[in-house]
Structure formats: C-alpha cells, structure tokens
Amino acid sequence: MLSTTAIDTVVRAALDEDAPWGDLTSEVLIPADARATARLVAREPGVFSGGAVFGSAFRLTDPTITVTLFTSDGAPFATGDVLAEVTGSARGILQAERIGLNFVQRMSGIATLTARYVAETAGTRARIVDTRKTTPGLRAFERAAVRDGGGHNHRFSLSDAVMAKDNHLAILQSGGLGLTEALLLVRDRISHTTHLEVEVDRIDQIEAVLAARVDTIMLDNFGPEQLADGVRLVAGRAIVEASGGVNLDTVRAIAASGVDVISVGALTHSVRSLDLGLDVVVVAGTELDGTVRN
C-alpha cells in the first residue's frame with residue numbers, strides 16, 4: 001500500500017516542476033475569490049487506480065480543496081462515469097489539474113492493461129507480474145497500479161533479491177567455473193531468507209541451474225512448447241517464470257504451458273494513459289458560470 005508520505009513526496013516534486021513560481025495564467029485570469037466544482041469523468045472504460053495520488057495534487061496545492069472519490073482503486077468503470085469530484089479555490093483546482101490528471105490517467109492505464117492480461121490467463125496457475133521497467137521515480141505508483149489491475153509485483157529493486165541474468169552468469173563463468181559451481185558460490189554467500197532467481201535461455205541449462213538449489217528459474221524467450229518442456233523438466237523443484245515475447249496475443253498460450261509466473265515489462269514501459277477528463281461544472285464568486293471542459 002502506498003503511504004501518504006511516499007505519495008506526497010513524488011506529487012510535491014511534480015507540482016514544483018509544473019508551477020515553480022505559481023500558475024501565472026490562473027493568477028491573471030481567475031479572481032482570487034472564485035470557487036469551483038470539477039468532476040473527474042471517464043471518457044473511456046477502464047480500471048481505476050491512483051485515487052489518493054489524484055487527491056494529493058489538490059491537497060498539496062491548496063489544503064482547503066476537498067476531493068471526493070466515487071470509485072475505489074481496482075474498480076472497473078464505464079465511459080461517462082464520474083470518478084471523483086473536486087471542490088474549492090478555482091485557482092487551486094486549475095493549478096493542480098494537470099498533475100492530478102497525469103498521475104491518475106497513467107495509473108489507471110496500467111491497471112486497465114494489467115486487468116486485460118489477468119483476464120487472458122484466467123483458469124491457469126500463472127500470475128501476471130511487473131518488472132523493473134518502470135518510469136524513474138514512479139515505481140511505487142506504477143507497482144500499485146499493477147496490483148489494482150489484479151497483477152502482482154516482482155522484486156521492487158536490485159536490493160530485494162538475487163536475480164542472476166545472462167550478463168551476470170557470463171562474468172561469473174569467465175574464470176572457468178561451471179554454471180552449477182558458480183551458482184553454488186552465490187548460494188553460499190547469501191542468507192537463507194534471500195530469494196535466488198536465475199535466468200536461462202536454453203533448456204539444456206535447466207538441470208545445471210536446479211542443481212544449485214535456486215528458488216525461481218526464469219525461462220527467457222521460450223516459446224509455449226519449450227515452456228511446457230521446461231515446466232516438465234523442472235517438475236516442481238523451483239518456481240518457473242516465463243519472460244520475453246509476452247503480449248496480449250501470446251500470454252494465453254504462455255500461461256497454458258504451466259508456468260507459475262509471467263513477467264510483463266509492457267505493463268509499465270509502454271502503457272497508454274487512459275482518457276480521463278476534469279470538467280468544471282460549477283463556478284461561484286465570479287461572473288463566470290457553466291461548464292468548462294479541460
């Protein structure tokens with residue numbers, strides 16, 4: 001779960017970037033006493049994520065602004081649904097609008113895409129998980145959005161687990177060590193509580209890796225038939241993760257191979273932000289009236 005401190009730290013930096021000396025346009029166009037109510041409206045269907053982040057943008061801009069959420073994180077919504085309502089200083093709402101929208105649109109996009117992958121794997125044992133291919137500085141937000149979409153999180157950072165990939169193994173074996181011997185050295189150096197995962201790109205590497213008592217074996221860029229062969233060979237001796245070549249067209253066949261985990265970098269590195277809009281519906285304290293669409 002995202003803490004208020006973690007949310008506010010990122011959102012405050014985004015607000016400072018967007019309005020380092022205030023919102024010049026609103027200050028010269030909008031009366032200081034103008035108040036407004038705006039609604040967050042879905043312009044396409046999806047899965048909601050980032051409610052607290054959206055609210056933080058307005059609260060940090062002006063603590064007197066109130067944000068009422070009508071949709072919970074992880075809930076589906078339809079085109080035209082009102083997801084939240086914002087009331088308070090018109091200047092404050094306009095200043096925070098873009099940052100609030102940027103975060104909630106991206107997070108909802110991630111949650112929506114994740115939900116599609118999860119739906120494609122329904123009835124299989126496979127978990128859909130994210131990767132470290134996240135936007136720098138936004139990993140906690142994007143990982144939360146994956147969970148809201150029904151997915152799961154891989155290791156959060158390089159500090160959380162040992163994951164030996166092809167380049168690690170190439171360096172390890174450059175001194176003449178065999179694959180099993182090199183990995184046993186790794187196993188001896190880490191705590192019994194530290195998870196050890198190893199990537200392989202050929203099926204003939206599997207037995208040598210399993211001999212080092214790894215916890216997870218990643219089958220990288222294996223086709224569905226090769227994955228099924230790999231699952232049979234592992235035979236429950238480690239968690240089996242599939243990685244590479246995963247998209248909405250291939251994920252069902254990958255899941256049907258019997259793997260335990262499917263890691264999908266596209267959940268965060270190439271997702272499309274969802275189309276959500278903030279529509280001003282009430283203005284008070286000024287001659288302005290009516291609906292303004294942003």
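Heavy-atom basis, side chains included; hydrogens, waters and symmetry copies ignored.
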**Asked** Should we count CZ of Arg127 as having more than 12 external heavy atoms under 6.0 Å?
**Response** no
**Prompt:** So, Thr37 versus Glu85: side-chain donor-acceptor pair below 3.5 Å or not?
**Reply:** no
**Message:** Are Ile190 and Leu179 connected into the same hydrophobic cluster when the rule is that any two of I, L, V, M, F, W, Y join if their side-chain heavy atoms are below 4.5 Å apart?
**Reply:** yes
**Asked** Which atoms form the tightest heavy-atom contact between Phe58 and Ile93, and what is the distance?
**Response** CE2-O, 3.6 Å
**Prompt:** Arg155 and Glu197: salt bridge (Lys or Arg N to Asp or Glu O under 4.0 Å), yes or no, with the steps?
**Reply:** CA-CA 11 Å; Arg155 59 175 179 164; Glu197 178 168 355; over 6 Å; no
**Salt bridge Asp220-Lys165, side-chain N to carboxylate O under 4.0 Å** = no
**Item:** Main-chain N/O of Ala52 paired with Ser56 side-chain donor or acceptor, under 3.5 Å
**Value:** no
Pairs of donor and acceptor atoms involving the side chains of residues 17-25, under 3.5 Å and at least two apart or interchain, shall be tabulated with distances.
| from | atom 1 | to | atom 2 | distance (Å) |
| --- | --- | --- | --- | --- |
| Asp23 | OD1 | Thr25 | N | 3.3 |
| Asp23 | OD1 | Ser26 | N | 3.3 |
| Asp23 | OD2 | Ser26 | OG | 2.5 |

**Prompt:** How far does CD1 of Ile99 sit from CG of Asp16, to the nearest 0.5 angstrom?
**Reply:** 10.0 Å
**Asked** Does Val129 share a hydrophobic cluster with Val214, counting links as ILVMFWY side-chain heavy atoms below 4.5 Å and allowing steps through other members?
**Response** no
**Item:** Test of ring centre spacing under 6.0 Å for Phe103 and Phe141
**Value:** yes
**Request:** Please answer whether the main-chain N or O of Thr64 pairs with a side-chain N or O of Asp62 as donor and acceptor at a distance below 3.5 Å.
**Result:** yes
**Message:** Please report the interatomic distance CG(Asp166) to CE(Met218), rounded to the nearest 0.5 Å.
**Reply:** 10.0 Å
**Fill in**
Looking only at heavy atoms, the pair that brings Leu169 and Ala164 closest together is CD2-CB, 4.0 Å
**Complete:** Thr61 and Gly92 have their tightest heavy-atom pair at CG2-O, 3.7 Å
**Message:** Using 0.5 Å steps for rounding, measure from the CG atom of Leu29 to the CZ atom of Arg91.
**Reply:** 9.5 Å
**Prompt:** Is a donor on one side and an acceptor on the other found under 3.5 Å between the side chain of Arg39 and the backbone of Val280?
**Reply:** no
**Fill in**
Minimal heavy-atom distance between Ser49 and Ala145, with the atoms involved, is OG-CA, 3.3 Å
**Request:** Applying side-chain hydrogen bond (donor to acceptor under 3.5 Å, both in side chains) between Asn153 and each of Glu142, Arg147, Arg143, report the one that passes.
**Result:** Arg147
I'd like a table of donor-acceptor pairs (distance under 3.5 Å, sequence neighbours excluded) in which one partner is a side-chain atom from residues 263-273, with atom names and distances.
| from | atom 1 | to | atom 2 | distance (Å) |
| --- | --- | --- | --- | --- |
| Ser263 | OG | Glu241 | OE2 | 2.8 |
| Ser263 | OG | Ala242 | O | 3.4 |
| Ser263 | OG | Ser243 | OG | 3.4 |
| Thr268 | OG1 | Lys133 | O | 2.6 |
| Arg272 | NH1 | Glu44 | OE2 | 3.0 |
| Arg272 | NH2 | Glu44 | OE1 | 2.9 |

**Message:** Donor-acceptor pair, distance only, cut-off 3.5 Å: does the side chain of Asp8 make one with the backbone of Thr5?
**Reply:** no
**Complete:** Between Ala126 and Thr121 the two heavy atoms that sit nearest each other are O-OG1, 4.2 Å
**Request:** Identify the heavy atoms of Gly100 and Phe54 that sit nearest to each other, and give their distance.
**Result:** O-CD1, 3.5 Å
**Item:** Side chain Ser108, main chain Gln105, donor-acceptor under 3.5 Å
**Value:** no
**Asked** Between the side chains of Asn102 and Arg106, is a donor N or O closer than 3.5 angstrom to an acceptor N or O?
**Response** no
**Complete:** CD1 of Ile262 to OG of Ser257, rounded to nearest 0.5 Å, is 7.0 Å
**Message:** Once rounded to the nearest 0.5 Å, what's the spacing between atom CG of Asp215 and atom OG1 of Thr194?
**Reply:** 9.5 Å
**Request:** Can you measure from CZ (Phe48) to CG (Leu69) and round to the nearest 0.5 angstrom?
**Result:** 5.5 Å
**Prompt:** Ignoring hydrogens and geometry, is there a side-chain-to-backbone donor-acceptor pair from Asp160 to Phe156 under 3.5 Å?
**Reply:** yes
**Prompt:** Are any side-chain N or O atoms of Glu120 and backbone N or O atoms of Arg116, one a donor and one an acceptor, separated by less than 3.5 Å?
**Reply:** no
**Item:** Cluster check Met107, Val47: I/L/V/M/F/W/Y, side chain < 4.5 angstrom
**Value:** no
**Request:** Indicate whether any N or O donor in one side chain lies under 3.5 Å from an N or O acceptor in the other, for Thr193 and Ser191.
**Result:** yes
**Prompt:** Okay, side chain of Arg187, backbone of Arg213: is any donor-acceptor separation there less than 3.5 Å?
**Reply:** yes
Give the table of side-chain donor-acceptor pairs shorter than 3.5 Å for residues 222-239, with sequence neighbours excluded, one pair per line with atom names and distance.
| from | atom 1 | to | atom 2 | distance (Å) |
| --- | --- | --- | --- | --- |
| Gln226 | OE1 | Gly223 | N | 3.2 |
| Asp229 | OD1 | Arg232 | NH2 | 2.3 |
| Arg237 | NE | Val234 | O | 3.0 |
| Arg237 | NH1 | Glu207 | OE1 | 3.3 |
| Arg237 | NH2 | Glu207 | OE2 | 2.9 |
| Arg237 | NH2 | Leu233 | O | 2.6 |

